Each structure stands twice: as C-alpha cells, then as structure tokens.
Amino acid sequence: MQTHDTVPAMQTLARDTRAAGQTIAFVPTMGALHEGHLDLIRLAATQGDVVVVSIFINPTQFGPNEDFERYPRDIDGDLAKCREAGAHHAFLPERSPLLPDDYSTYITEEAVAEPLEGVSRPAFFRGVTTIVAKLFNIVQPHVAIFGQKDAQQLAVIRKMVNDLHFPVEIVAGKTTRDADGLALSSRNAYLTASQREGALGINRTLNQIKTMVDQGERRAERLVAEATHLLADDRRIRIIYVAAVDPATMKKQTEIEPGNSLMAIAIWMDQTRLIDNILL
Ligand code: PAF
C-alpha cells in the first residue's frame with residue numbers, strides 16, 4: 001500500500017489510474033479505524049480496481065463544544081488496518097492545504113440535512129458535504145462507499161452527488177456490529193464497560209421496533225413512543241431524537257412503508273453521543 005500526503009500527489013495518482021483504464025473505489029474516513037471501516041474497505045475492493053482510503057479528521061464538521069480535540073487518533077494502527085483490509089492507497093492530507101486560514105467555500109445541502117442530526121449538530125453536514133466534495137475532486141473516484149450506520153450522512157451525500165452531478169456512484173455498506181449488537185463507532189472508545197452495557201439498549205430497541213413492524217404495526221407514532229419508552233429504561237440515556245423517516249429524504253413518516261422506512265435514534269450515554277438506525 002502506498003501513502004500520499006499532498007493534493008497534487010493524490011490527483012496525479014487518480015489521473016494515472018484513470019488513464020490506465022482502472023476504476024477507483026474510495027472510502028473516506030476520519031481514522032480511528034475499526035472493523036466497520038475495514039468492512040467498507042473490503043466492500044470497496046469488490047467495487048473498483050484500485051482502493052483509496054482517506055484519513056482526515058475534518059475540523060469543519062465538529063461544533064465548538066464537540067470532541068475534535070479528543071477524537072481518537074492512531075495513524076500507524078490505521079495504516080496497518082488499511083493494508084490488511086486490502087487498500088492500495090491511503091491519502092493522508094495535512095489540514096492546511098485542504099483548509100487554509102483563508103478558506104471560504106462551503107457546500108450546503110438544505111433539505112435532507114435539515115432534520116435529526118441537522119437540528120442537534122447544525123455545523124455537521126455543511127462540514128461533511130464540503131470535505132467530501134473536496135475529496136471527490138482530489139481522489140476522483142468512480143465509486144465511493146459510505147456506511148449505513150450514518151444513514152443521514154449517506155442520504156445527504158447521495159443528494160449532493162445528484163444535485164451537483166458528481167460522476168461518482170455512492171454505495172452503502174451495512175452496519176457492522178459487535179457480537180453483542182452494538183454498532184461499531186470510533187466513539188465507542190469513550191465508553192466505560194458499564195456505559196457500553198447501557199448503550200446496548202439502542203440495538204435492543206431497534207430490534208424490538210423491527211419485530212413490531214414485522215408483526216404488522218404501521219403507526220410511526222406508536223413505534224416512536226415504544227422506542228422512547230424502551231430507551232428510557234436506562235437512566236443514563238438522554239434521547240436526542242427517535243424518528244421514523246424516509247431513508248432518502250429523512251422526512252418523518254406517519255405510516256411505516258416496509259422496505260422504505262428507517263427508525264433512527266441518537267442518544268447521549270453520559271458524555272458520549274451515539275447514533276444507530278434500522279431499515280424497517
Ligand atoms: O463518516 C465519516 O467518517 C466522515 O463524516 C467523513 C465522511 C469521512 C467526512 O469527514
């Protein structure tokens with residue numbers, strides 16, 4: 001695996017790869033890689049000839065009181081994992097060439113990004129769409145892989161790609177879970193054993209909601225109420241949102257449409273913000 005740390009080096013690689021008739025499959029990450037990221041890299045290897053992983057902790061997607069400073073960093077470990085999962089190239093840009101002090105161009109998706117995460121993290125999607133658009137211009141992928149765990153991010157990126165005519169196919173990777181059901185996330189590293197135990201309530205809740213839908217329940221209000229009730233079982237959980245939404249638009253649904261509905265949950269487990277979802 002080769003590493004590239006400048007924009008011109010990465011763009012040259014992209015141009016040469018394309019000129020050689022090879023396709024580029026891209027996995028953007030913020031590092032602190034876990035098995036979920038590795039599954040996305042393995043999926044990328046099935047989608048293109050050359051797999052590129054970027055590692056960049058994007059400051060523009062963190063709010064002023066969020067965890068940018070303490071976000072887990074392990075570049076050597078990350079590179080070893082990328083190599084092991086089958087990446088051919090890692091792009092590790094420095095902050096200043098990507099976001100110099102006079103940087104002033106942002107991309108804002110104004111519909112899908114508005115509810116849920118958009119309410120509780122107002123700066124988040126503007127930062128994500130801006131950096132992903134920049135990375136697409138640098139890496140020039142044919143295919144880019146995003147995890148289903150960040151369902152709203154996936155939907156916002158799809159909308160941006162469609163609205164701005166990026167010639168990139170967006171492929172969703174399934175959520176990877178630990179054996180006990182907890183969705184893998186770099187932020188799980190913040191959890192103590194007991195907080196982690198409490199966080200399992202999210203997955204239990206989502207499974208219970210899916211069972212209710214499979215048994216015929218269609219009223220979103222009823223399902224949201226049940227999920228809220230189940231989550232409230234653990235006093236340390238503070239609910240940020242529980243919603244039944246259309247997975248493409250993130251608009252709230254009143255009636256569940258099996259195959260086209262998503263139950264999305266965000267909570268605080270003490271100081272750690274966790275999200276998860278299930279397709280209903
Ligand atoms: O999902 C992430 O890790 C980030 O939001 C992304 C897509 C790499 C943009 O910084």
Side-chain angles (χ1 to χ4, degrees), residues 7 10 24-41 43-44 51-63 66-75 77-79 81-82 85 87 89-95 97-99 103 105-109 112-113 116-118 120-139 141 143-161 164 166 168-176 183-190 250 264 266 273-277:
V7 172
M10 188 62 234
I24 301 173
F26 177 43
V27 184
T29 81
M30 298 206 300
L33 302 185
H34 50 65
E35 202 54 37
H37 293 110
L38 306 193
D39 280 348
L40 299 183
I41 297 171
L43 176 60
V51 175
V52 178
V53 178
S54 66
I55 300 177
F56 180 68
I57 305 181
N58 170 27
T60 65
Q61 70 188 71
F62 289 80
E66 292 184 0
D67 54 346
F68 176 70
E69 293 302 338
R70 71 170 184 139
Y71 198 81
R73 290 158 167 86
D74 174 20
I75 202 66
D78 286 346
L79 290 176
K81 288 174 188 166
C82 285
H89 299 275
F91 177 47
L92 313 164
E94 295 288 338
R95 174 179 175 149
L98 244 54
L99 298 165
Y103 188 79
T105 304
Y106 292 88
I107 291 181
T108 314
E109 192 287 323
V112 185
L116 309 181
E117 294 292 297
S120 53
R121 305 183 70 193
F124 176 64
F125 285 121
R126 176 185 187 252
V128 169
T129 44
T130 300
I131 208 70
V132 169
K134 286 167 71 71
L135 289 168
F136 282 178
N137 283 333
I138 298 166
V139 176
V143 180
I145 319 288
F146 291 84
Q148 175 63 40
K149 171 166 171 294
D150 297 299
Q152 192 175 7
Q153 170 172 279
L154 172 66
V156 168
I157 297 292
R158 284 195 199 281
K159 188 66 167 52
M160 176 188 82
V161 161
L164 298 183
F166 277 102
V168 181
E169 184 194 344
I170 303 301
V171 171
K174 281 199 292 201
T175 302
T176 306
L184 296 191
S185 160
S186 304
R187 290 190 169 98
N188 291 354
Y190 302 148
M250 294 290 139
R273 195 180 191 285
L274 298 171
I275 61 171
D276 201 349
N277 65 79

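Indexing begins at 1, ligand by ligand and atom by atom, following the structure's order. Model, not experiment: these values are computed from the prediction.
At a threshold of 4.5 Å between non-hydrogen side-chain atoms, the residues Leu98 and Ile131 count as touching. In this structure, the side chains of Phe125 and Val112 stay at 4.5 Å or more apart for every pair of heavy atoms. Pro141 places none of its side-chain heavy atoms less than 4.5 Å from the side chain of Val52. Side-chain contact between Leu154 and Arg158: present, with at least one pair of heavy atoms (C-beta onward) separated by less than 4.5 Å.
Heavy atoms only, all atoms of each residue included: Tyr71 and Ser186 are closest at OH-CB, 3.4 Å.
For the pair Glu66 and Arg273, the salt-bridge criterion is not met [side-chain N within less than 4.0 Å of a carboxylate O].
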Using a 3.5 Å cut-off on N/O to N/O, what pairs does ligand 1 make with the protein? A line per pair would be great.
residue: ligand 1; atom: 1 (O); partner: Gln153; partner atom: NE2; Å: 2.8
residue: ligand 1; atom: 5 (O); partner: Gln61; partner atom: NE2; Å: 3.0
residue: ligand 1; atom: 5 (O); partner: Gln153; partner atom: OE1; Å: 2.7
residue: ligand 1; atom: 10 (O); partner: Gln61; partner atom: OE1; Å: 2.6

